[in-house]
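What you see is a predicted model; the values in this text were computed from it and never measured. All residue numbers refer to positions in the sequence shown, counting from 1. Scope of the values below: all heavy atoms of this structure, side chains included, with no hydrogens, waters or symmetry mates.
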Amino acid sequence: MNPQEIINTIALTRLNYFSLPGLVQLYQAAGSATAIVEHRNNIGDLLPDASPRLKEALRTIDDSLQRAEAEYRWAEDNQVAAIAYNDEHYPQRLRECADAPLMLFYRGNADLNKAHIVSMVGTRHATPYGRDLIDRFVGELSRICPDVLIVSGLAYGIDIMSHRAALHNRMETVAVLAHGLDEIYPSAHRDTASKMTACGGLLTEFTSMTRIDKKNFVQRNRIVAGLADATILVESAATGGGLITTSIARSYDREVFAFPGMVGAPYSEGCNLLIRDNGAALITSAYDFVKAMGWEQDQQLQQARQQGIERQLFPDLSPEEQLVTDVLLKQNDLQINMLSIQTNLPIAQLSALLFTLEMKGLVRTLPGAVYHLIR
């Protein structure tokens, strides 16, 4: 794309006291950012009902243009792609949203217009149950429909678990940031973010040197929702950012799914209420999700069916394995001596059974030699 068009688009985004839909409408009416800048002294010719405030902002846009030129140079020097609204690489799904950003900054190699894109969101205080859901869901999805791009926000909890599960299963994953690409927040996720640039990417609407602000995290949620065909809520309290994102996704007429949780569990309450109020479809497996999305005709899924990949909550178990899982279903997170008492199995035999269940992906060992059933 013409560098001047990118610079002009960046400059327009700095008129941040106008509503995003208003800027998008102006951009669409003019046909390009360059046309708007060229008519900055007579914008009424392009937009007869332009407000006095807009006219004044455009007449004084020179400072923003200088800052935009510096940002463009910074992006070039730091291997960042500056993607304007009318660029062929701009995410088409996001372009369909009335409040889409005019400019995106991207470092990565994933196609933002991939055939299948899903956003995974939820609480920053994820529980072992949430981790189990993500590991099982992403693992299964990688087998039955691997050509899916997973989007989240790089935050603590569900976000970072989703990114890491995608990387572990060799799936592309993109993080939408609430700040510029000159830093990573939280810094503890820097290593994961670095890996994502080689198998996915980092995306933001914010320029470099953007101050990290709480409102930016809410604002970026619309991009998380707008990029994807569907948004999945994994765990959430009764209020939280994940619920904001699912609400935005519904406003965009995108599909919304949620994993159910135990009644009364604090970080399942949001999911359960959303399902109860028909704000999300209940999901228990990747197969259910793929089928609901109409992706079941994909070649990989057909091959998976022929190979008989297990899609039940638990695979076939021996009577002794079933006994162990039944005990853990009633009272999870037990040490081996308590399991031995409740199953009436000797510890030597029980140890072998637990190892087999771990290999089947049904049991995880927690700190303190505690055995946790992955539900």
Review point. If you measure from CD on Glu320 to CG on Leu345, what distance do you get to the nearest 0.5 Å?
Key: 7.0 Å

Review point. Do Gln342 and Gln331 come within less than 4.5 Å of each other through their side chains, counting heavy atoms only?
Key: yes

**Study point:** ILVMFWY cluster, Leu323 and Leu329 together (side-chain gap under 4.5 Å)
**Key:** yes

Review point. For Asp135, what residues pass the salt bridge (charged side-chain N to carboxylate O under 4.0 Å, His left out) criterion, not counting sequence neighbours?
Key: Arg364

Review point. Would you call Glu255 and Asp229 a side-chain contact if the rule is heavy atoms closer than 4.5 Å?
Key: no

Practice item. Measure the spacing between CD1 of Ile283 and CG of Asp288 and express it to the nearest 0.5 Å. Key: 6.5 Å

Review point. If two hydrophobic side chains count as joined below 4.5 Å and joins carry through other members, does Tyr267 share a cluster with Ile232?
Key: no

Check your understanding: Run the side-chain contact (heavy atoms from CB on, under 4.5 Å) check on Ile144 and Phe289 step by step: do they pass?
Key -> CA-CA 11 Å; Ile144 65 175; Phe289 169 72; over 6 Å; no

**Study point:** Any donor-acceptor N or O pair under 3.5 Å, side chains Asp62, Gln66
**Key:** no

Practice item. Measure from the side-chain N and O atoms of Arg107 to the backbone N and O of Thr197, and report whether any donor-acceptor pair falls under 3.5 Å. Key: no

**Study point:** Min side-chain heavy-atom separation Ile248-Tyr252 under 4.5 Å
**Key:** yes

**Study point:** Same apolar cluster (I L V M F W Y, side chains within < 4.5 Å links), Leu328/Ile347
**Key:** yes

Review point. Does some side-chain heavy atom of Met103 sit less than 4.5 Å from a side-chain heavy atom of Ile6?
Key: yes

Point to revise | Non-hydrogen side-chain atoms of His372 and Asp132 separated by less than 4.5 Å | key: yes

Practice item. Please confirm whether the backbone N or O of Lys215 pairs with a side-chain atom of Asp213, one donor and one acceptor, at under 3.5 Å? Key: yes

Check your understanding: Between the side chains of Thr356 and Glu321, does any donor sit under 3.5 Å from an acceptor?
Key -> no

Review point. Is the shortest side-chain N to carboxylate O distance from Arg143 to Glu140 below 4.0 Å?
Key: no

Revision key, fill the gap. Only residue of Glu5, Arg95, Gln28 satisfying side-chain hydrogen bond (donor to acceptor under 3.5 Å, both in side chains) with Tyr85 is Gln28

Practice item. List the steps, then state whether side-chain contact (heavy atoms from CB on, under 4.5 Å) holds for Cys199 with Arg170. Key: CA-CA 8 Å; Cys199 188; Arg170 299 182 180 180; 5.9 Å; no

Review point. Would Val234 end up clustered with Val290 when hydrophobic side chains under 4.5 Å apart are linked, directly or stepwise?
Key: yes

Point to revise | No-hydrogen, no-angle side-chain donor-acceptor test under 3.5 Å, Thr192 and Arg164 | key: yes

Check your understanding: Would you call Ile36 and Ile61 a side-chain contact if the rule is heavy atoms closer than 4.5 Å?
Key -> no

Show the atom names and distances, to 0.1 Å, of all donor-acceptor pairs under 3.5 Å that link a side chain in residues 268-279 to residues at least two apart or in another chain.
unit_1 : atom_1 : unit_2 : atom_2 : d
Asn272 : OD1    : Gly261 : N      : 3.0
Asn272 : ND2    : Gly261 : O      : 3.1
Asn272 : ND2    : Ser268 : O      : 3.4

**Study point:** Heavy-atom closest pair, residues Leu181 and Tyr106
**Key:** CD1-N, 3.9 Å

Review point. Taking atom OG1 of Thr284 and atom CZ of Phe259, what is their separation to the nearest 0.5 Å?
Key: 7.5 Å

Point to revise | Taking every non-hydrogen atom, the tightest pair across Ala33 and Leu12 | key: CB-CD1, 3.7 Å

Check your understanding: ring-ring contact (aromatic ring centres under 6.0 Å, His included): which pairs involve residues 199-234, sequence neighbours left out?
Key -> Tyr185-Phe217

Point to revise | Asp191 bridged to Lys195 by N-O distance under 4.0 Å | key: yes

Review point. For residues Glu235 and Thr123, is any side-chain donor paired with an opposing acceptor at under 3.5 Å?
Key: no

Check your understanding: Roughly how far, to the nearest 0.5 Å, is the CZ atom of Arg59 from the CG atom of Leu54?
Key -> 9.5 Å

Review point. When you measure from the side chain of Arg254 to the backbone N and O of Gly226, does any donor-acceptor pair fall under 3.5 Å?
Key: yes

Revision key, fill the gap. The reported gap from CZ in Arg220 to CG in Leu177 (rounded to nearest 0.5 angstrom) is 7.5 Å

Review point. Can you name the closest pair of heavy atoms from Thr231 and Ala249 and give their distance?
Key: OG1-CB, 3.7 Å

**Study point:** Salt-bridge criterion met for Glu205 and Arg222 (N-O under 4.0 Å)
**Key:** yes

Point to revise | Heavy-atom closest pair, residues Leu149 and Asp111 | key: CD2-O, 3.8 Å

Check your understanding: Do side-chain atoms of Asn113 reach the backbone of Gln92 as a donor and acceptor pair under 3.5 angstrom?
Key -> yes

**Study point:** Thr343 side chain vs Val324 backbone, donor-acceptor pair below 3.5 Å
**Key:** no

Point to revise | Exam field: side chain Arg131 to backbone Pro128, donor-acceptor pair closer than 3.5 Å | key: no

Point to revise | Greater than 12 external heavy atoms within 6.0 Å of Asn344's CG | key: no

Check your understanding: Are Tyr287 and Leu282 grouped together when hydrophobic residues (ILVMFWY) are joined by side-chain heavy atoms under 4.5 angstrom apart?
Key -> no

Review point. Could you go step by step and tell me if Thr210 and Thr207 meet the side-chain contact (heavy atoms from CB on, under 4.5 Å) rule?
Key: CA-CA 6 Å; Thr210 297; Thr207 58; 3.6 Å; yes

Review point. Which residue pairs satisfy the ring-ring contact (aromatic ring centres under 6.0 Å, His included) criterion with at least one member in residues 29-76, sequence neighbours excluded?
Key: none

Point to revise | Asn169 (side chain) donor-acceptor with Met171 (main chain) under 3.5 angstrom | key: no

Check your understanding: Would you say the side-chain atoms of Thr204 pair up with the backbone N or O of His179, donor to acceptor, closer than 3.5 Å?
Key -> yes

Under 3.5 Å, which donor-acceptor pairs do the side chains of residues 150-162 form with other protein atoms, sequence neighbours left out?
unit_1 : atom_1 : unit_2 : atom_2 : d
Ser152 : OG     : Met120 : O      : 2.7
Ser152 : OG     : Asp159 : OD1    : 3.0
Asp159 : OD2    : Gly153 : N      : 3.1
Asp159 : OD2    : Ala155 : N      : 3.4
Ser162 : OG     : Ile158 : O      : 2.8

Check your understanding: Got Thr325 and Leu373 here, is their nearest side-chain heavy-atom distance under 4.5 Å?
Key -> yes

Practice item. Would you give the length of the straight line joining atom CG of Asn8 to atom CG of Leu102, rounded to the nearest 0.5 angstrom? Key: 12.0 Å

**Study point:** Which atom of Ala11 lies closest to which atom of Ala68, heavy atoms considered
**Key:** N-CB, 3.7 Å

Practice item. Dump the intermediate steps for side-chain contact (heavy atoms from CB on, under 4.5 Å) on Leu112 and Leu94, then the final yes or no. Key: CA-CA 10 Å; Leu112 299 176; Leu94 187 59; over 6 Å; no

**Study point:** Co-members of Val263 in a cluster of I, L, V, M, F, W and Y side chains, linked at under 4.5 Å
**Key:** none

Review point. Where is the tightest heavy-atom contact between His116 and Asp147, given as atom of each residue plus distance?
Key: CB-O, 3.8 Å

Practice item. State, yes or no, whether a side-chain contact exists between Leu357 and Leu317 at a heavy-atom distance under 4.5 Å. Key: yes

